[in-house]
Number of protein chains: 2
Amino acid sequence: MSLRFALLALLTVEPMTGYDLAKRFESSVAFVWHAPDSQIYPELRKMAKEGLLTAEEIPWGPNGKKTQYRITIEGRAAFKQWMNTPLEYARERDPVHLKAAYLEWAEPSMAKQHMQAHIEYHRMRRGQWADMIAGLRDGTNEMLSKRLAAAAPQDHRRILEYKIFTYQGLIARAETEIEWGLRGLELIDSLSNTPPDDQPIHTPSSA
Amino acid sequence: MSLRFALLALLTVEPMTGYDLAKRFESSVAFVWHAPDSQIYPELRKMAKEGLLTAEEIPWGPNGKKTQYRITIEGRAAFKQWMNTPLEYARERDPVHLKAAYLEWAEPSMAKQHMQAHIEYHRMRRGQWADMIAGLRDGTNEMLSKRLAAAAPQDHRRILEYKIFTYQGLIARAETEIEWGLRGLELIDSLSNTPPDDQPIHTPSSA
DNA sequence: AGCCACTACCTATGTTCATAGTTAGTTGTC
DNA sequence: GACAACTAACTATGAACATAGGTAGTGGCT
């Protein structure tokens, strides 16, 4: 249900083709939202039929053409309305923590590998998001520049700050995951290094 | 794909009916994994056909009967194998941060409501998970007691510690979200209280 | 005896999403 | 002019999941 609003969000900047949008969902916006083109094209047609977008065939080279989608006033209204609607939180479904809960079933070396992969994954994301913030701050981010150019000056600060705030939240989340992963590595070591015999249960007095 | 392993994880404790499993996915385990019964029953039949489980019809009252599923050796092997396989991380799809990035489109009062809801949601979860840890620690948790009773004594510590570790990670995550939400509230206030006129863009020197 | 909450199980429908293709035109280059 | 890389768009299939129903038996209470 959120895909269409992610599309609307991008189309508030400028009209785009399905291909343009798909590319953004693969690269720049990919670390916040992802969607394959096979989902995007049908959704755009549906949204055009509902009046949220207008589709315009524009020429492309001598024989080709492409469809550019432009957000309508109704589209903007729908986006605004979604922005003013509280979202219901999806039920939990978390493979990482499901696995972590039963780590006693994995080989200690494999358990450590899980944690290592978790740490690396979130370090990578933290880096990506830090780059995003840098791009927002130094004016390198194209989408932001275009968005600001089309917005009233008194809104510029809001627009920038909320985007930075979003990525800061994602960085904070990644850092929590990294710390948890590091604690996991220590735990696995402490549980496999010590001989199991003299490990009393539920008695924190020894150690 | 993970549903069957969540089911196997629960069935390593004791044989259960589909109804039992569905109940657990609605209550005790619900804050880590959720699945509706309409998904569970077909999956159990599929798993039985694949040899991961055996289905046993047991009487229930004078005329009734119920199907109890028991994990097989192959089922245990499959679970162990999954536990020793690195999991691939799903592509990002995060409605909360999608919304946060475009908060300039929402009324300030609504933006604050979003953040408030986020904070409350994660406070609730933090509480639930803290209760889970308490239950694990004081022996109140039935599933854990049964699991320990069926396990070798030298494994008891691992089994307990990994479960606590998992919930600690979820608590840490919730706390990060709460902090982010609180910072969001402050940000919204600071952006709507100050007059927009004397708010220069990209010049951190004034302030 | 009637009623209700619960246990147990099943089915149908629609959406979202991943995966993996296909077709066709464009642009640049060797 | 052959080729590759890219742009543009579409289709098919199946898994996962949400939602919303239905049927039937049980146990307990009044």
Side-chain angles (χ1 to χ4, degrees), chain A residues 1-7 10-11 15-27 29-30 32-50 53 55-69 87-95 98, chain B residues 1-7 10-11 15-27 29-30 32-50 53 55-70 82 87-95 98:
Chain A
M1 240 303 88
S2 297
L3 169 61
R4 61 169 44 197
F5 297 108
L7 291 168
L10 291 179
L11 289 169
M16 280 187 246
T17 67
Y19 188 78
D20 291 333
L21 290 158
K23 257 198 314 182
R24 279 179 208 286
F25 281 136
E26 264 173 16
S27 57
V29 203
V32 182
W33 199 271
H34 168 265
D37 62 340
S38 63
Q39 226 189 319
I40 291 169
Y41 286 114
E43 186 65 26
L44 287 172
R45 272 176 273 151
K46 226 174 107 190
M47 289 163 76
K49 218 191 302 184
E50 290 174 31
L53 307 176
E56 191 191 352
E57 300 257 290
I58 64 170
W60 168 55
N63 290 32
K65 56 181 177 170
K66 55 184 179 175
T67 313
Q68 203 176 51
Y69 291 93
L87 53 79
E88 69 276 15
Y89 287 78
R91 298 298 205 343
E92 196 62 36
R93 205 157 285 151
D94 184 343
L98 173 63
Chain B
M1 239 303 86
S2 297
L3 170 61
R4 61 170 44 197
F5 298 107
L7 290 168
L10 291 179
L11 288 169
M16 281 188 244
T17 67
Y19 187 79
D20 291 333
L21 290 158
K23 256 198 314 180
R24 280 180 207 286
F25 281 135
E26 263 173 19
S27 57
V29 204
V32 183
W33 199 269
H34 168 265
D37 62 339
S38 63
Q39 226 189 321
I40 291 168
Y41 286 114
E43 186 65 26
L44 287 171
R45 272 175 273 150
K46 227 175 106 190
M47 287 163 77
K49 218 191 301 183
E50 290 174 32
L53 309 175
E56 193 191 350
E57 301 257 290
I58 64 170
W60 169 55
N63 290 31
K65 55 181 178 169
K66 55 183 181 177
T67 312
Q68 202 176 51
Y69 291 93
R70 182 186 303 269
W82 180 70
L87 52 80
E88 69 276 13
Y89 287 78
R91 292 314 198 335
E92 195 62 37
R93 203 157 288 152
D94 184 343
L98 174 63

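Letters A, B, ... are given to chains in the order of the sequence lines, protein chains preceding strands, and every chain is numbered from 1. Computed from heavy atoms alone, side chains included, the values below leave out hydrogens, waters and symmetry copies.
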In whole angstroms, how far is the [atom2] atom of [N] from the [atom1] atom of [X]?
X	N	atom1	atom2	value
A:K23	D:dT7	NZ	P	5 Å
B:E43	D:dC17	CD	P	9 Å
B:I40	D:dA16	CD1	C1'	13 Å
B:K46	D:dC17	NZ	P	11 Å
A:L44	D:dA9	CG	P	9 Å
A:E88	D:dT19	CD	C1'	13 Å
A:Q39	D:dT13	CD	P	18 Å
A:D20	D:dT7	CG	P	9 Å

Between A:Y41 and D:dC10, does any side-chain N or O lie under 4.0 Å from OP1 or OP2? no
Less than 4.0 angstrom between a side-chain N/O of A:R93 and OP1 or OP2 of D:dA18, yes or no? yes
Using modelled atom types and a 3.5 Å cut-off, is there a donor and acceptor pairing between side-chain atoms of B:R91 and backbone atoms of A:A35? no
Along DNA chain C, first and last positions that approach a heavy atom of chain A under 4.0 Å: C:dT16 to C:dT26
Residues at least two apart in sequence or cross-chain that pass side chain to side chain contact (heavy atoms under 4.5 Å, CB included) with B:S2, listed by chain then number, are A:P95, A:L98, B:W33, B:W82
Does some side-chain heavy atom of [Y] sit less than 4.5 Å from a side-chain heavy atom of [X]?
X	Y	value
A:Q68	A:M16	no
A:T17	A:L21	no
B:L53	B:R70	no
A:F25	A:L10	yes

Start at the 5' end of DNA chain C and walk down; is the nucleotide closest to A:G61 or to A:S38 reached first? A:S38
By nearest nucleotide on DNA chain C, pick out whichever of B:P42 and A:P36 is the more 5' one. B:P42
So what does B:R45 touch, heavy atoms closer than 4.0 Å: a base, only the sugar-phosphate, or nothing? sugar-phosphate
If only side-chain N and O atoms count, and only distance matters, is there a donor-acceptor pair under 3.5 Å linking A:T67 with A:E57? yes
